[in-house]
Amino acid sequence: MDYKKDGKDILLRQSDFALDDTLDCGQAFRWEKIADNAYHGAFLNRQLTISCENGSDLFRLHDTSEQDFLEIWADYFDLSTDYGEIKRRFSSDDTLSKACEFAGGIRILKQDSWEALSSFIISQNNNIPRIKGIIGRLCQHYDGYPCAVDMKNETVDSLSYLRSGFRAKYLVDAISKVLDGSIDFEALRTIPLDDARNVLMTIKGVGPKVADCALLFGFYRLDAFPKDVWVKRVMSRWYPNGLPECTKGLEGIAQQYLFHYIRSI
DNA sequence: TTCCAGGCGTATC
DNA sequence: GATACGCATGGA
């Protein structure tokens, strides 16, 4: 990793990383663009302002200790994964090659499991501005994103301030299943993908798409391939016989590039 | 006003 | 197992 301390900040040189591509792409809902090339957001109970200094590969993590950078943010931004190598691998496929060129700064954020699961429950049949609104009200209420234990006494009525509509009852079911031990977060990181999806789909309101988003973004299962309406268009247009071989094991990363590509055209 | 949004549960065949 | 429909809310 190429970084140095700069006063209270960390300066990071990082290729294959763009703030808009990664933080404003619908994989996480707590990052706000505060200026050109600058975002403010949070992971667990840590807040961060991150800016791009030169419009390409130089980033400033504001007011961040070296310890927090190494122990928290380097992992969250998945800095140990070589996305350049992944894009070279994908470029053997014409469509993927164009998709990687279109949004080459995408990285998969390694988010908190409960935040990803609950956020994508909220996301169903919803639009991104409203998803952010609901999650913003939740975080304002709890002074940060609550863990499942924090929410143990919530009911559909007590969550009415979120204005999350029919999704409130799904959140309540997710809270109870996580707290009663029937959803084992540690196991979901390692058991076969189909088993992991089936476990998550025991939660009311969690179907194949929400389960795959939770697994990809919250459990770092890069083989999970969420199929929303846009990705279904991708598949019928370019891959009627399935994804190309070069995506094997990294279907979730391919999904991110393809998702943004199809939405742009 | 009507339509739609990174789906899912339910009913029906 | 496939298909049709309703669902809370709010912005376009």
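What you see is a predicted model, and the numbers here were worked out from it, not measured in a lab. Letters go in sequence order (proteins before strands), and every chain restarts at 1.
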C:dA8 versus B:dT10 - spacing of their P atoms, nearest Å: 12 Å
Give me the ring orientation class for [X] and [Y]: parallel if the planes are under 30° apart, tilted from 30 to 60°, perpendicular past 60°.
X      : Y      : answer
A:F217 : A:F120 : parallel
A:W31  : A:Y76  : tilted
A:F77  : A:F17  : tilted

base_contact_polar (C:dA8 base, A:N125 side chain, donor-acceptor, <3.5 Å):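 Check passes, donor-acceptor contact within cut-off.
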Side-chain-base donor-acceptor pair under 3.5 Å for A:R130 and C:dT9: yes
Electrostatic pair A:K98-A:E101, nearest N-O below 4.0 angstrom: no
N or O in side chain of A:K204 less than 4.0 angstrom from C:dC7 OP1/OP2: no
A:K169 vs C:dA8: side-chain N/O to OP1/OP2 distance below 4.0 Å: yes
A:R163 side-chain proximity, nearest of B:dG7, B:dA5, C:dT9: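 The answer is C:dT9.
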Options B:dG7, C:dG10, C:dA8, nucleotide nearest the side-chain atoms of A:Q124: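 Comparing B:dG7, C:dG10, C:dA8 against the side chain of A:Q124, the answer is B:dG7.
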Nearest-angstrom distance from the residue atom NZ of A:K232 to C1' of B:dC8: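 About 10 Å, once rounded to whole Å.
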